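Structure, as structure tokens:
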Amino acid sequence: MLDLKDAIRTIPDYPKPGIMFRDITTLLGNARAFRRTVDELVQPYAGLKVDKIAGIEARGFILGGAVAHQLSAGFVPIRKKGKLPHAVVSIAYSLEYGIDEMEMHEDAVQKGERVILVDDLIATGGTATAAVKLLQRIGAEVVAAVFVIDLPDLGGADKLRALGVPVRTLIGFEGH
Ligand code: AMP
């Protein structure tokens, strides 16, 4: 049986000392692991009405595109500030050091559309929480947020659940 955890490469002390970087490029490069990951992410939602998948730049684009295809949904990119060409809505969120901004096109989702948020990993949940707020601001119903990797010690998934968003993760790593 293929273990998805074995397909993820861990790089200690990247991008800075103390961080265990969970590198999914090895999983994406493994045909069976990539396919299984996408299958497992979508499994609870197959057959349900999902209008759009929103992916967070950049790894959320790769996974989100595949998830959108599988669920016959549209794809919406949530990007770093200044990358989208049309009118945007934006939200500031805190990173470990300082503040960043993410944006999406203001017409990317229609009011009441059912959206699933996708990213590779949830840590503190700061990024995903901002993305959920942005989606809700333009009227999306965020029916779930899905991630390949959870770092449960950092509490991000619980934080999203406390906002009323169901969360699905496939693999957990202890620590950070
Ligand atoms: P957070 O906002 O703290 O939940 O961080 C989540 C975002 O940062 C995701 O887009 C991840 O890709 C990235 N990230 C955070 N921690 C790690 C880690 N240990 N390994 C790989 N990516 C990470």
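In listed order, ligands and their atoms are each counted from 1. Hydrogens, waters and symmetry mates are skipped; everything else that's a heavy atom, side chains included, is used. Not measured: the values here are computed from a predicted model.
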Would the distance check show the side chain of His105 and the main-chain N or O of His86 forming a donor-acceptor pair, the cut-off being under 3.5 Å? yes
Closer than 3.5 angstrom, by distance alone: can the side chain of Lys52 be matched with the main-chain N or O of Ala108 as a donor-acceptor pair? yes
One finds that the ligand 1 atoms under 4.0 Å from a non-hydrogen atom of Asp119 are 9 (C), 10 (O)
Geometric cation-pi criterion, Arg22 with Phe173: 6.0 Å, 45°: yes
Taking the side chain from Thr26 and the backbone from Arg9, do they hold a donor-acceptor pair closer than 3.5 Å? yes
In terms of residue, atom name and distance, what is the protein heavy atom nearest to atom 15 (C) of ligand 1? Leu121 CD2, 3.6 Å
Note: ligand 1 atoms sitting under 4.0 Å from heavy atoms of Thr124 are 1 (P), 2 (O), 3 (O), 4 (O)
Which of the atoms of ligand 1 are close to Thr127, meaning less than 4.0 Å from one of its heavy atoms? 1 (P), 2 (O), 5 (O), 6 (C), 7 (C)
Counting only N and O atoms by type, is there a donor-acceptor contact under 3.5 Å from the side chain of Glu40 to the main-chain atoms of Thr37? no
Nearest to atom 19 (N) of ligand 1, what protein heavy atom do you find, and at what distance? Met20 O, 2.9 Å
Within the structure, does Ile122 bring an N/O atom to less than 3.5 angstrom of an N/O atom in ligand 1? no
Charged N to carboxylate O under 4.0 angstrom, Arg36 versus Asp39? no
Work out whether the distance between some heavy atom of Gly125 and some atom of ligand 1 is less than 4.0 Å. yes
Quick one: nearest non-hydrogen protein atom to atom 20 (N) of ligand 1, plus distance? Arg22 N, 3.0 Å
Tell me, which protein residue and heavy-atom name are nearest atom 11 (C) of ligand 1, and how many Å apart are they? Asp120 OD1, 3.6 Å
Using a distance threshold of 4.0 Å (strictly less than), state whether atom 8 (O) of ligand 1 has a protein heavy-atom neighbour. no
Salt bridge Arg114-Glu141, side-chain N to carboxylate O under 4.0 Å: yes
If only atom types and distance count, is the side chain of Asp153 paired as donor or acceptor with the main-chain N or O of Gly175 below 3.5 Å? yes
Proximal atoms of ligand 1 relative to Arg59 (non-hydrogen, under 4.0 Å): 12 (O), 21 (C), 22 (N)
